[in-house]
Every structure is written in structure tokens, then in C-alpha cells.
2 protein chains.
Amino acid sequence: MRADARKNYDQLLAVASAVVTEEGADASLRDIARRAGVGLATLYRHFPTREALLEALLRTGFDELTTRADELETSSSPEDALVSWLRDCVACAHEYRGVTALMMAAIEDTESALHASCVTMRAAGTRLLTRAQAAGMARTDIDGTDLFALIGALAWLNDQPSLAPRADHLFGIIAGTILTNPHPVSPSSEGVDQ
Amino acid sequence: MRADARKNYDQLLAVASAVVTEEGADASLRDIARRAGVGLATLYRHFPTREALLEALLRTGFDELTTRADELETSSSPEDALVSWLRDCVACAHEYRGVTALMMAAIEDTESALHASCVTMRAAGTRLLTRAQAAGMARTDIDGTDLFALIGALAWLNDQPSLAPRADHLFGIIAGTILTNPHPVSPSSEGVDQ
DNA sequence: ACCTGAACACCGTTCAAGT
DNA sequence: ACCTGAACACCGTTCAAGT
């Protein structure tokens, strides 16, 4: 990549991160190009679709989630690992409002720029879920796709400003459902066993 | 209302119902006016905001839900009544894709044309929930706002085409969470006790 | 009273023309 | 190679002008 192209690419990504954080996944691409001081067609050259731009924005977070799943698989109990990872997923999706609906579409659309990331993420979740199920800690009538869907639903709930006061509570309710022996799941850091 | 105005109003509503069913809550208002054979400003005269148009579209369904809640309160067990009403709510919201997010915003926005309907709906759900809680059939750490939020989450899940195969299953999971003694909740008509 | 077309300021997407 | 401005076909919203 030529030096000027690299500069434009980085600038676009930085501006897009700020704009999408503020406006959500349906932010104006024109506005992003404008604020980046770049022609609109330059944005399209680097990111041929909206999904491609979002994929670039989310890649770091997605990679971290995958790494984190690996860590949790060895460092925590099956139950703690699953719930903790769920929390991280929801927080990641919440960074860019409205991105979850695109992810739900992307997981079945092999052409989408977000497809690979979604499949990887579902696979990581499936590993943690299967482990918890094997340990008798998670209900067995849920599969990785259901888990992915529930993460989406939780992210959607978090995206609704009016539900913000109950967001943590609703997380606990839905996370608790996944566990075999439902009991209150604390949404903050003190773990799930108290 | 003058006869010609009445005709335009009815025509707009009929066309809007078809277009919003197909395109979702963010359908083009211009397109609706065009297909109705009416000037765009005429649509704005009858429905000053998008919410006002959706409110007119949803009113019938909302009224039916309220009536249904009253019926269920006397005709069914607290548990069956709550789950059955939840199913109806989700089906109603699913008629117009994307309407749930607007409802979540409207319940806190007293200026929204959808506000009153949302408050009424939440109140009806709260009655059924409270009754089930009093009978020891629903967990007591959920209030009417949580119930409203969970309906929204379920409607959102139903709006995602890729999750359609699991929609009934996910309904059962979340509906089951609300009940005190979680057990599989059948999404179809055979009740929740088998 | 009620309706309309046109205007304004946006948007996503594409492409010929520039360096 | 890479960038750009302009073009095209859309949008939501408003308003002066018509009957």
C-alpha cells in the first residue's frame, strides 16, 4: 500500500470509529469521508461495503474475544468462563450501536465482510458452551447458534437507551437461563456464585 | 373530516400497512404517498410523524392485546395467561419489522405518538405478571418494564431472518425464564404444562 | 379545508477525469 | 496507483401556491 493510501486508510478508520460510536452502524458514510478530509470514492476504494468498514472497526475487539475465550477455557470454571465471556461479547457489540443486526445477517451470508468474524465468534462461544454443558453447568437444549442469538438480543437490549437502568439486571436474567441451575447472575465483577 | 380527506386517510393507511409489512418501520414515506396516489404533504398532514403513522397501523393490534389480556386474566391460569399473552405480543410486534426499537424509545418519550399505546401495553402485561407472581408462578425479580423489554428482545429475535428456525425455541427459553419453575415452554398451541 | 409540486438539504453508489 | 468532483437516483421535511 502506498504511503498516501495508508494514511487515508488509517485516518478513515479513526474517524469512522468516532462517528459510528456516536451515530451507530447506520452512520453516514459521506459524513465519515468528509470528516476524514477524504473524497467519498476513496472511502469506497478502501471499504467497498459498509460491512467491510465495520469489520475493520470490529476486528480488534473480535480478535480479543477469541483470545479471551481461549484464556477463560483454562483459567476459569466452565460456568464463570461462559458468563464472563458473554459479558465481554455484549460489551463489545455495544460499542457500535446497531451492529448486532448486521452480525445476525452476516452469519448466514458468506459474501458479507463480517461473515468470517461472526463464524469465528460463534465457534468460540460454542466451545465455552459445550464445556459448560459437559460439566453439567449449562442447559443442553441450547446450541452455539442460540448462544449467538442471545448475545444479539442482549446487545439489542443494551442499545435501547430507555432500558439502560435495567440492562445489567436483564443480562443476569438471560445469562442465568443458560445455566442449568438458574440463580441470580450478577452483572458486575464479583462472580456468579454469591 | 371531509369526504376526500377521509378517502385519502384510509388509502394511506391501507398502503402503509402493505409497505411497512414489506419494508419495515423505516419504509420510505415518500414511497407510501406515491403508491397511495397522494401528495407527500398530504401524508404529513394526516400523520405528522412516522410514529403517528405507525401508531395508526398498530392501534388495532394494541387494542386487541389489551382486550386479550383482560380475557386471559379470568379465563386462564396465571401461568398460561402470561405465556399466551407474551406470544401474542411478539406476534403483533413482528407484523412490522423494526417497530420494537421505536416502542422502546416511545415508552419514555411522552411526546411520541406511540407513548400512550406502549404505556397501556406495559400496564396490561404488568397485570398478568403480577397475577402470576402472586400465584407463585413467576419470578419476583422482574417488573413490568423488564417484561416489556423481554418482549422487545423476543420481537427483535423474530425480526432476524437468520434466526427464524430457532425463533420458537428461543421464545420458549426466554418465556421459561420468567416462570418460577423453569421447564420447557412450548411455543405452539398445546400449552405449557406438558 | 384540504391538497399539491417544488424546494432544500441530505443520503448511498458509481464513474470519468485527473495526478 | 491512487484520488477526486460531479452525477444519478433516492430520502425526510417544509411551504407557498392552488382549489
Side-chain angles (χ1 to χ4, degrees), chain A residues 1-57 96-99 101-102 105-106 109 111-114, chain B residues 1-57 96-99 101-102 105-106 109 111-114:
Chain A
M1 182 140 53
R2 229 165 64 178
D4 55 345
R6 169 98 255 159
K7 211 191 80 190
N8 282 339
Y9 181 92
D10 293 340
Q11 177 69 6
L12 276 167
L13 221 50
V15 169
S17 175
V19 174
V20 176
T21 296
E22 202 181 338
E23 308 287 339
D26 56 349
S28 162
L29 300 180
R30 228 187 184 89
D31 191 32
I32 291 170
R34 199 159 35 214
R35 292 209 219 176
V38 151
L40 184 48
T42 300
L43 183 148
Y44 273 93
R45 160 184 303 281
H46 288 297
F47 308 104
T49 63
R50 183 180 292 273
E51 275 85 6
L53 176 58
L54 289 168
E55 199 275 336
L57 288 177
Y96 302 114
R97 180 164 32 95
V99 83
L102 290 171
D109 176 10
E111 303 302 308
S112 168
L114 285 166
Chain B
M1 182 143 48
R2 231 165 64 177
D4 56 344
R6 168 99 255 159
K7 211 191 80 192
N8 282 340
Y9 181 91
D10 293 340
Q11 177 69 5
L12 277 167
L13 220 49
V15 170
S17 175
V19 174
V20 176
T21 296
E22 202 180 338
E23 308 287 340
D26 56 350
S28 161
L29 300 180
R30 228 188 184 88
D31 191 33
I32 291 171
R34 200 160 34 215
R35 292 210 220 176
V38 150
L40 183 48
T42 301
L43 183 150
Y44 273 93
R45 161 184 301 281
H46 289 297
F47 308 104
T49 63
R50 184 180 292 274
E51 275 85 7
L53 176 58
L54 288 168
E55 198 275 336
L57 288 177
Y96 302 115
R97 179 164 32 95
V99 83
L102 289 171
D109 176 11
E111 302 302 308
S112 168
L114 285 166

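None of these values were measured; they are calculated from a predicted model. Both backbone and side-chain heavy atoms feed into the values below; hydrogens, waters and symmetry mates do not. In what follows, every chain begins at residue 1, and chains take the letters A, B, ... in the order their sequences are listed.
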Residues 38-53 of chain A vs salt bridge (Lys or Arg N to Asp or Glu O under 4.0 Å), sequence neighbours excluded, gives none
Heavy-atom closest pair (A/L43 atom, A/I32 atom, distance to 0.1 Å) is CD1-CG2, 3.8 Å
Ordered by number, residues from residues 22-32 of chain A within less than 4.0 Å of DNA chain C (heavy atoms) are A/A27, A/S28, A/L29, A/R30
In terms of heavy-atom contacts, A/L114 and A/A106 come closest through CB-CB, 3.6 Å
Residue pairs passing the side-chain hydrogen bond (donor to acceptor under 3.5 Å, both in side chains) test with at least one member in residues 25-40 of chain B, sequence neighbours excluded, are B/D31-B/R35
Applying side chain to side chain donor-acceptor pair (under 3.5 Å) to B/D4 and not counting sequence neighbours gives B/R2
CE of A/M1 to NZ of A/K7, rounded to nearest 0.5 Å, is 13.5 Å
**Message:** Categorize B/R34 for me: base, sugar-phosphate, or nothing, with a 4.0 angstrom heavy-atom threshold over every strand shown.
**Reply:** sugar-phosphate
For A/L102 and A/A25 the tightest heavy-atom approach is CD1-CB, 4.0 Å
Of all heavy-atom pairs linking B/A33 and B/G39, the shortest is CB-O, 4.1 Å
In short, ring pair (Phe, Tyr, Trp, His ring centres under 6.0 Å) pairs touching residues 11-40 of chain A with sequence neighbours left out are none
- Message: Using a 4.0 Å heavy-atom cut-off, does A/A5 contact any base of the nucleic acid, only the sugar-phosphate backbone, or nothing at all?
- Response: sugar-phosphate
In short, side-chain hydrogen bond (donor to acceptor under 3.5 Å, both in side chains) pairs touching residues 14-25 of chain A with sequence neighbours left out are A/S17-A/Y96
Contact span of DNA chain D against chain A, any nucleotide atom under 4.0 Å from a heavy atom, 5' to 3', runs D/dA1 to D/dA7
Residues at least two apart in sequence or cross-chain that pass side-chain contact (heavy atoms from CB on, under 4.5 Å) with A/F47, listed by chain then number, are A/Y9, A/L12, A/L13, A/A52, A/L53, A/A56
Residues at least two apart in sequence or cross-chain that pass salt bridge (Lys or Arg N to Asp or Glu O under 4.0 Å) with A/D109, listed by chain then number, are none
Per the 3.5 Å Watson-Crick/G-U criterion and a run length of at least three, the stems involving DNA chain C are C:4-8 with D:12-16, C:12-16 with D:4-8
Ordered by number, residues from residues 42-56 of chain A within less than 4.0 Å of DNA chain D (heavy atoms) are A/T42, A/R45, A/H46
